[in-house]
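I have placed the structure first, in the form of structure tokens, so that the comments after it can refer back to it.
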Amino acid sequence: MKFRSIKGTKDILPGESEKWQFVEALIREVMHEANYREIRTPVFEETALFQRSIGELTDIVSKEMYTFRDRSDESVTLKPEGTASVLRAYIQYNLGEQSPLTKLYYIGPMFRQERPQAGRLRQFHQFGAEALGSSSPQLDVEMMLIPLEVCRRLGIGSVTLKVNSVGCEKCRPAYRKRLVQELMAVYDQLSEESKTRVKQNPLRVLDSKDERDRAATRTAPLMKDFLCDECRMHFAEVERLLKETKTPYEIDGRLVRGLDYYTKTAFEITSAALGSQDALAGGGRYDLLVHELGGKPTAGVGFAAGMERLMIILEKLGQSPDPHIRPDLYIAAADNAARRWAFRFAHQLRQKGVAADLDYLGRSLKAQMREANRQNARYVIVIGDKELATGKAKLKKMESGQEEEVLLTDLASKLA
RNA sequence: GUGACCAUAGUUCAGUCGGUUAGAACGCCAGGUUGUGGCCCUGGAGGUCGUGGGUUCGAGUCCCACUGGUCACCCCA
């Protein structure tokens with residue numbers, strides 16, 4: 001009986017972890033340039049936070065959360081997305097009182113208990129941002145530009161930005177009523193899942209992939225044609241900014257995201273390089289959410305993007321960064337006295353910033369050379385009686401095979 | 001949660017009609033060179049054929065169940 005990682009979870013092994021570090025560093029750079037500050041929230045929260053923010057009727061809350069009772073019988077949940085926690089912290093620490101606009105970003109693991117498939121895991125990683133305190137459409141567009149910029153710098157060109165407006169509390173109820181009427185007229189032709197959605201969340205029927213639903217809703221009214229003046233102007237401004245920044249986009253009047261809290265802008269970035277789970281990032285505006293979670297009424301926008309999906313695209317496009325993790329120096333020891341010395345010397349070099357390694361297995365010199373080669377070490381020195389006596393050694397450059405006589409005391413400054 | 005496909009060495013895979021000791025490549029270890037890597041040559045280690053049951057004289061091979069993986073549905077990052 002061997003232990004295995006739990007279904008839907010993955011280990012990020014050496015060789016891959018370096019790629020993650022590279023991508024994460026790039027994300028932090030882009031976030032920094034747009035002046036977003038990092039926030040790190042706990043991986044779990046009290047269950048009610050997600051129920052209230054994401055919405056009881058959503059798939060995430062109704063069937064995908066990792067929820068359990070802790071030892072004091074408290075119901076806790078591993079976070080299925082990042083926004084709820086960020087807003088909880090924003091409210092808890094009164095961040096809105098310190099400045100009228102707060103720009104935050106995060107990178108971290110999320111959990112959803114779904115059946116794993118290509119681009120979908122039970123523990124996955126997202127990076128995302130939230131801007132709290134402004135209803136400016138500039139921030140809506142900033143949220144689209146950030147993940148697009150990350151893609152651009154990674155050499156990912158083939159992405160599609162889809163944008164829609166889902167209206168607000170003023171215009172959505174009337175539209176919703178109208179839509180339900182239309183859907184009831186074709187009720188019999190809808191898929192089973194859509195039938196239940198007609199009452200619970202009719203907008204979602206529109207973005208069903210089911211052919212029957214597609215056909216039945218072909219002429220259904222779209223939210224973007226029923227927006228109130230404010231929402232319509234907001235959406236027009238988003239479009240204008242996208243054009244001004246020369247950002248290619250499509251309007252998708254059926255785009256509705258799976259979280260209930262969105263108002264006005266909703267968007268999604270997809271890639272054909274992904275499998276059936278083709279969304280790389282998604283986001284939108286949520287002007288009611290902070291108030292709903294107990295804070296002062298505060299406008300907000302955000303996005304979240306999938307790290308694993310980003311890595312899949314990079315791999316597929318052959319753009320995957322090459323990790324060159326390599327020791328500067330491998331110290332090969334010819335005898336036991338040299339082995340003892342080598343450990344001490346490696347320690348001194350490391351303190352001076354030189355990445356140095358040595359043999360811990362008592363192997364032959366030939367095996368040590370092979371190891372140095374496998375580790376892709378930049379240089380090797382071989383230490384024996386002669387070197388310990390004279391304080392000089394041949395420094396071998398592995399790539400060329402050329403050797404150069406050096407003083408051991410000079411080595412650190414030479415390699416650092 | 002539903003469905004389809006898959007499971008043989010560290011890895012990627014062969015394995016005939018059910019038949020004797022389960023193979024290859026790469027990787028790993030050692031030697032060829034008693035103080036020098038890669039290339040080459042030689043040798044070696046490494047397998048509960050996912051697990052459990054069944055059919056059969058005999059199962060890696062056929063049947064069933066389970067577990068795991070992959071992909072799709074659903075939904076989403």
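Protein chains get the first letters and strands the later ones, always in sequence-line order, with residue 1 at the start of each. Fair warning: this is a prediction, and the values are worked out from it, not measured in the lab.
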Q) So, does the side chain of A:Gln277 form a donor-acceptor pair with the base of B:C75 at under 3.5 Å? A) yes
Q.
Once you apply a heavy-atom cut-off of 4.0 Å, does A:Ile60 come out as touching a base, just sugar-phosphate, or nothing?
A. nothing
Q) Contact class for A:Gly128 vs. all strands (heavy atom < 4.0 Å): base, sugar-phosphate, or nothing? A) nothing
Q. Between A:Phe235 and A:Lys264, is there a cation-pi geometry (under 6.0 Å to ring centre, at most 45° from the normal)?
A. no
**Q.** Stem segments of RNA chain B by first residue number [Watson-Crick or G-U, under 3.5 Å, at least 3]
**A.** B:1-7 with B:67-73, B:10-13 with B:23-26, B:28-32 with B:40-44, B:50-54 with B:62-66
Q. In whole Å, what separates the P atom of B:G31 from that of B:A14?
A. 35 Å
Q.
side-chain contact (heavy atoms from CB on, under 4.5 Å), that's the test. Do A:Asp252 and A:Glu250 meet it? Break it down for me.
A. CA-CA 6 Å; A:Asp252 181 350; A:Glu250 295 171 8; 5.7 Å; no
Q.
Ignoring hydrogens and geometry beyond distance, is the side chain of A:Arg115 in donor-acceptor contact with the base of B:U2 at under 3.5 Å?
A. yes
Q.
Counting the atoms with a prime plus P, OP1 and OP2 as sugar-phosphate, which does A:Arg374 contact under 4.0 Å by heavy atoms, base, sugar-phosphate, or nothing?
A. sugar-phosphate
Q.
Using a heavy-atom cut-off of 4.0 Å across all strands, would you classify A:Gln375 as base, sugar-phosphate, or nothing?
A. nothing
Q: Give one of base, sugar-phosphate or nothing for A:Asn376, where a contact means two heavy atoms less than 4.0 Å apart.
A: nothing
**Q.** Proximal nucleotide (of B:C76, B:C74, B:G37) relative to the A:Met398 side chain
**A.** B:G37
Q. Mapping A:Ala377 and A:Arg257 to their closest nucleotides on RNA chain B, which lands nearer the 5' end?
A. A:Ala377
Q. What is the nucleic acid contact for A:Ala372, judged by heavy atoms within less than 4.0 Å: base, sugar-phosphate only, or nothing?
A. nothing
Q: Could you please name the option among B:A77, B:U36, B:C73 that lies closest to any side-chain atom of A:Glu114?
A: B:A77
Q: Remember a base hit wins even if backbone is also touched, and classify A:Arg4 as base, sugar-phosphate or nothing at under 4.0 Å, heavy atoms.
A: sugar-phosphate
**Q.** Touch class at under 4.0 angstrom, heavy-atom based, for A:Arg112 against every strand present
**A.** base
